[in-house]
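Protein chains get the first letters and strands the later ones, always in sequence-line order, with residue 1 at the start of each. Quantities reported herein were computed from a predicted structural model and do not represent experimental measurements.
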Protein chains: 2
Amino acid sequence: MNITIYDVAREANVSMATVSRVVNRNPNVKPVTRKKVLATIERLGYRPNAVARGLASKKTTTVGTIIPDVSSIFFSELARGIEDIATMYNYNMILSSSDQNKEKELQLINTMLETQVDGIVFMGGTVTKEHVEEFATSHVPVVLAATQDVTETIPSVNIDYEAASYEATMYLINNHKGIPAFISGRDHTMIGDYKMRGYKRALSESHLDVKDTYIVEGSYSYDSGMKAIKELLALDTPPKSVFVSSDEMALGAIHGAQDKGYNVPKDIGVFGFDNTRLATMVRPTLSTVVQPMYDIGAVSMRLLTKFMNKEDVEEKKVILPHRIIERHSTK
Amino acid sequence: MNITIYDVAREANVSMATVSRVVNRNPNVKPVTRKKVLATIERLGYRPNAVARGLASKKTTTVGTIIPDVSSIFFSELARGIEDIATMYNYNMILSSSDQNKEKELQLINTMLETQVDGIVFMGGTVTKEHVEEFATSHVPVVLAATQDVTETIPSVNIDYEAASYEATMYLINNHKGIPAFISGRDHTMIGDYKMRGYKRALSESHLDVKDTYIVEGSYSYDSGMKAIKELLALDTPPKSVFVSSDEMALGAIHGAQDKGYNVPKDIGVFGFDNTRLATMVRPTLSTVVQPMYDIGAVSMRLLTKFMNKEDVEEKKVILPHRIIERHSTK
DNA sequence: ATGAAAGCGCTAACAA
DNA sequence: TTGTTAGCGCTTTCAT
């Protein structure tokens, strides 16, 4: 079979404990011995078995991350942030897509717990009591990335979605005529709610009416953005601007409007959300809310490492700064 | 601590072997006993420890996948294909980004081997002898996805890049005036070579000269596509069409041309490669080579499961079909 | 159909 | 500084 710590010990004339020490960089080894051991490790091509180590030490140095969809432009950027920090701290990462399906999410949590991951970063629509209960069946720390938790008990990293949406809508109100429309995500998630709330607050503070026909539901996809804008433009008095809750839908909205012969931003201003790479890959370039996705991932993972090390954490709910960026799809 | 198989055995008045049998769906258990065991598993909330199982059985049911960059639109689509099939066959997936950095790739392979993964799906620029040697230090099967291997020894799933490029270039030759230009990837990978070869073959078979100034190197990024097209358009006799080796660069090329006042496709036709979602998220929509990314991932993983099960595999190098799709950026 | 017992390869006291 | 020795929680013969 494979070379084990035993083989190395025998060949180097030391005990397995000593080999274990040098592999784990324990300082209590005489330099000469260390050298000898290292040499025979090299010679035999010994590779420590992480599974055995995991069983003995009760630590696997792997973290689980649950993501709605790896192939999503938005979430994969988050995943990269998580991964980079995980790598930095020498953790492996098990990655699974949930499609925001609750059953699947629960199932994945369970599987990851079986795998004895040392921690979990969770991204999803909303975390419910059931999620929390599932998490609680084990004692591994969990951090939510760009995800809200109805129980408000789990550490998380987010931006202030309500404020961001408020600012974006305000921008539209100040730079375009009339009442801005809103293309929401189809999901009835907390984040979706916050965005809606920010939109409505901006209107009401500006003494503008919330018109039901100006609020249309998309599904975060390009096509749904296109469909939504067409509905809006077919109205008797179409809006002069629209706040769209994701960049991808915003691109759909821009192209949908253009396909109908409208000029963006002259006839209709479009404001996105996220600032994914798509925002600059469209003409006109997209004004949008900057959500620091990579950072959210990175900070989440960093936070998780602290929990895994049982360090004290001052703030369990971190809110990262956001800002709006003005490009050419508005004004 | 946690509930172990011992606890269940004791509570159910059976041996741990029996518990193990019911957990593993071994048929040699009397229905009554099974029921009893299942009940106490439920009651105690027992969750099998996958690490212990892995140590005892020498199988972890996890596969490693190495990807250049999770946040890449192209590769993350592949990853989703891999993941879906992995899930279907009950494998976990460890995912790591390599940035196409050889040292990092070698390092990741090593780490994954330590983790005792049952198999590896590798995506990257080119697989060298060193990669192969590293793979060989263990006996886990490896499959390359959308990746070429200089030693031609490792199972892989690809499309015929040379033929695809040939066809795309031919299309340009037949539908646009003059000699098509070519924006390549910066990488000197085998796939890059194949694309170049296909491009050149199309020209030579059409009795057209290969002009050095018409071949410019990009880096697969949007910006590099933009930069490249500007170089091309600044030539004394700019090309009337350009074949671009990735969709993302092609978008950059389209916008770069448009920003300079050129009309796509009238003044210059643009042909992409990959058919990522971007291809329809641009105006004019992008004519491109359809590379079935999800399928490449899925087939790779399926192939890997066969190797892991030690099934016989007829064809170790699978070539998936490709096609070109005509949209509005050409003709 | 069920149980006993020997590992799997390593870590982590504890001893020396 | 080094070695001895229990486990870690499970699978897997081998008996019964």
Side-chain angles (χ1 to χ4, degrees), chain A residues 1-38 40-41 44-62 90 111 113-118 138-140, chain B residues 1-38 40-41 44-62 90 111 113-118 138-140:
Chain A
M1 261 320 290
N2 263 323
I3 313 294
T4 74
I5 202 173
Y6 268 110
D7 303 321
V8 177
R10 181 169 22 77
E11 292 287 316
N13 287 312
V14 295
S15 72
M16 55 184 301
T18 301
V19 179
S20 176
R21 287 191 188 96
V22 349
V23 168
N24 293 300
R25 292 178 170 63
N26 182 318
N28 292 343
V29 181
K30 205 163 32 168
V32 193
T33 332
R34 176 188 312 282
K35 205 159 195 171
K36 185 174 60 176
V37 172
L38 249 15
T40 102
I41 283 177
L44 301 185
Y46 167 68
R47 187 170 4 228
N49 180 325
V51 175
R53 170 181 293 170
L55 183 58
S57 69
K58 298 179 164 296
K59 283 188 197 322
T60 53
T61 61
T62 104
N90 275 103
T111 306
L113 259 17
E114 287 186 2
T115 314
Q116 308 296 112
V117 293
D118 294 339
S138 129
H139 290 197
V140 315
Chain B
M1 263 320 293
N2 263 324
I3 312 294
T4 75
I5 200 172
Y6 267 110
D7 303 321
V8 177
R10 181 169 21 78
E11 293 287 315
N13 287 312
V14 297
S15 71
M16 53 183 302
T18 300
V19 179
S20 175
R21 287 192 189 94
V22 350
V23 168
N24 294 298
R25 292 177 169 63
N26 182 318
N28 292 343
V29 181
K30 207 169 21 172
V32 193
T33 337
R34 175 188 313 283
K35 206 158 193 170
K36 183 173 59 175
V37 172
L38 249 17
T40 104
I41 283 179
L44 301 185
Y46 167 68
R47 192 178 348 239
N49 180 325
V51 175
R53 171 182 292 171
L55 183 58
S57 69
K58 298 180 164 297
K59 284 188 196 323
T60 54
T61 61
T62 104
N90 274 103
T111 306
L113 259 17
E114 287 186 1
T115 314
Q116 309 296 112
V117 293
D118 294 339
S138 130
H139 291 196
V140 316

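Considering CD of A:E114 and CD of A:Q116, their distance stands at 8.5 Å, rounded to 0.5 Å. Rounding to the nearest 0.5 Å places CD of A:E11 at 8.5 Å from CG of A:N13. Interatomic distance, CE of B:M16 versus CD1 of B:I5, reported as 5.0 Å (0.5 Å rounding). Between the OG1 atom in B:T18 and the NZ atom in B:K30 there is a gap of 10.5 Å [rounded to 0.5 Å].
Contact detail for A:D118 and A:K59: the closest heavy-atom pair is OD1-CA, 3.7 Å. Across all non-hydrogen atoms, the minimal contact from B:L44 to B:I3 is O-CG1, 3.5 Å. Across all their heavy atoms, A:S15 and A:A9 have their closest contact at C-CB, 3.7 Å.
Axis orientation changes by 30° from one end of the helix from C:dA1-D:dT16 to C:dA16-D:dT1 to the other, with each end axis drawn from 5 pairs and the value rounded to 10°.
Shown here are the salt bridge (charged side-chain N to carboxylate O under 4.0 Å, His left out) partners of A:R21, two or more places apart in sequence or in another chain: there are none. Residues forming a salt bridge (charged side-chain N to carboxylate O under 4.0 Å, His left out) with B:D7 (at least two apart in sequence, or on another chain): B:R10.
Phosphate proximity of D:dT4 to A:Y6: absent, as no side-chain N or O sits under 4.0 Å from OP1 or OP2. Taking only side-chain nitrogens and oxygens, A:S20 never comes nearer than 4.0 Å to OP1 or OP2 of C:dC10.
For the pair A:N49 and A:N2, the minimum side-chain heavy-atom distance is 4.5 Å or more. Looking only at side-chain heavy atoms (C-beta outward), A:N90 and A:T61 stay at 4.5 Å or farther from each other. Considering only heavy atoms from C-beta on, B:I41 comes within 4.5 Å of B:V23 through its side chain. Using a 4.5 Å heavy-atom cutoff, the side chains of B:N24 and B:R53 are in contact.
Atom NZ in B:K36 sits roughly 12 Å away from atom C1' in C:dA1 (whole-Å rounding). Atom pair B:Q116:CD and D:dC10:P shows a separation of 19 Å (rounding to whole Å applied). We find that NZ of B:K59 is positioned 13 Å from C1' of D:dT12, with the value rounded to whole Å. Atom CZ in A:R10 sits roughly 13 Å away from atom P in C:dC10 (whole-Å rounding). In this structure, A:I5 places its CD1 atom 14 Å from C1' of D:dT5, rounding to the nearest Å. The distance between atom CG of A:N13 and atom C1' of D:dT1, rounded to the nearest whole Å, is 16 Å. Straight-line distance from the CG atom of A:D7 to the C1' atom of C:dC10: 13 Å, rounded to whole Å.
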Give me the distances for all protein-to-nucleotides 6-8 of chain C N/O pairs that come in under 3.5 Å?
unit_1 : atom_1 : unit_2 : atom_2 : d
C:dC8  : O3'    : B:K58  : NZ     : 3.1
C:dC8  : O2     : B:A56  : N      : 3.2

Distances under 3.5 Å between protein N/O atoms and the N/O atoms of nucleotides 13-16 of chain D, please, pair by pair.
none

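B:V14 comes within contact range of the sugar-phosphate backbone alone, with a heavy-atom separation under 4.0 Å but no base atom that close.
A donor-acceptor pair is defined here as one N or O able to donate and one able to accept, closer than 3.5 Å; no such pair exists between the side chain of B:T115 and the backbone of B:V117.
Within residues 24-35 of chain A, the residues that place at least one heavy atom under 4.0 Å from DNA chain D are, in residue-number order, A:N28, A:V29, A:K30, A:T33.
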